[in-house]
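This report concerns only the one structure given below.
All residue numbers refer to positions in the sequence shown, counting from 1.
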Amino acid sequence: MKCPFCAYEESKVIDSRPTDEGEKIRRRRECLNCGKRFTTYEMIESLPIIVIKRDRSRESFVREKLMNGMLRACEKRPVSIETLEKAIDEIEASIQNSLDREVTSEKIGELAMNKLKTIDEVAYVRFASVYRQFKDVSTFMDELSKLIKNSK
């Protein structure tokens, strides 16, 4: 960290503590050249995730939209909110860790379906039927057949 007084690039941390909100860490530093003290703040860099929709329009990722879709799929199923929140946390972390700032809605849908497949197969089929826009019963039955074949 460059000293604001003499521009020397080496300093040592004297004190470190979280701010009141817990969102930042306040660090008191001492320049190793001039000995003067200064304060820095460290925080997580949060870059927005942009979702590219099917019609090629773009919008910010909204966690609640994904939660609502997964909740509808899990309606009247023995799936807790905590389980869904954990799944959504994992989906969001996967997207953040990919370092892509833009992600397609198809990719998010696939990640959600993969999570639902391990959580509840009925919820998975419900989500897939809306997400994949099944046109008729045979398409729906094909997906069910794959699910049955893979679970054996």
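A salt bridge does not link K86 with E82: every distance from a Lys NZ or Arg NE/NH1/NH2 to an Asp or Glu carboxylate oxygen is 4.0 Å or more.
There is a path of hydrophobic side-chain contacts, each under 4.5 Å, that joins L84 to M113.
Of all non-hydrogen atoms in A87 and I119, the two that sit nearest each other are CB-CD1, 3.9 Å. Closest non-hydrogen pair, C31 versus Y8, comes out as SG-CB, 3.9 Å.
Between the NZ atom in K115 and the CE atom in M70 there is a gap of 9.0 Å [rounded to 0.5 Å]. Atom CD of E106 and atom CD1 of I52 lie 9.0 Å apart (nearest 0.5 Å). Expressed to the nearest 0.5 Å, how far CD1 of I81 lies from CG of L71 amounts to 4.5 Å. Here the OG1-OH distance, from T118 to Y124, works out to 11.5 Å after rounding to the nearest 0.5 Å. Atoms CG and CZ, on N68 and R63 in that order, are 11.5 Å from each other to the nearest 0.5 Å. Between atom CD1 of residue I108 and atom CD1 of residue I49 there is a gap of 7.5 Å, rounded to the nearest 0.5 Å.
The salt bridge (Lys or Arg N to Asp or Glu O under 4.0 Å) test applied to K2 returns no partner, not counting sequence neighbours. With sequence neighbours excluded, the residues that form a salt bridge (Lys or Arg N to Asp or Glu O under 4.0 Å) with E42 are R27.
Considering only heavy atoms from C-beta on, T83 stays 4.5 Å or farther from D120 through its side chain.
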Please report, to 0.1 Å, the donor-acceptor pairs under 3.5 Å made by any side chain of residues 32-40, with sequence neighbours excluded.
{"unit_1": "R37", "atom_1": "NE", "unit_2": "E30", "atom_2": "OE1", "d": "3.2"}
{"unit_1": "R37", "atom_1": "NH2", "unit_2": "E30", "atom_2": "OE1", "d": "3.4"}
{"unit_1": "T39", "atom_1": "OG1", "unit_2": "R28", "atom_2": "NH1", "d": "2.7"}
{"unit_1": "T40", "atom_1": "OG1", "unit_2": "R29", "atom_2": "NE", "d": "3.1"}

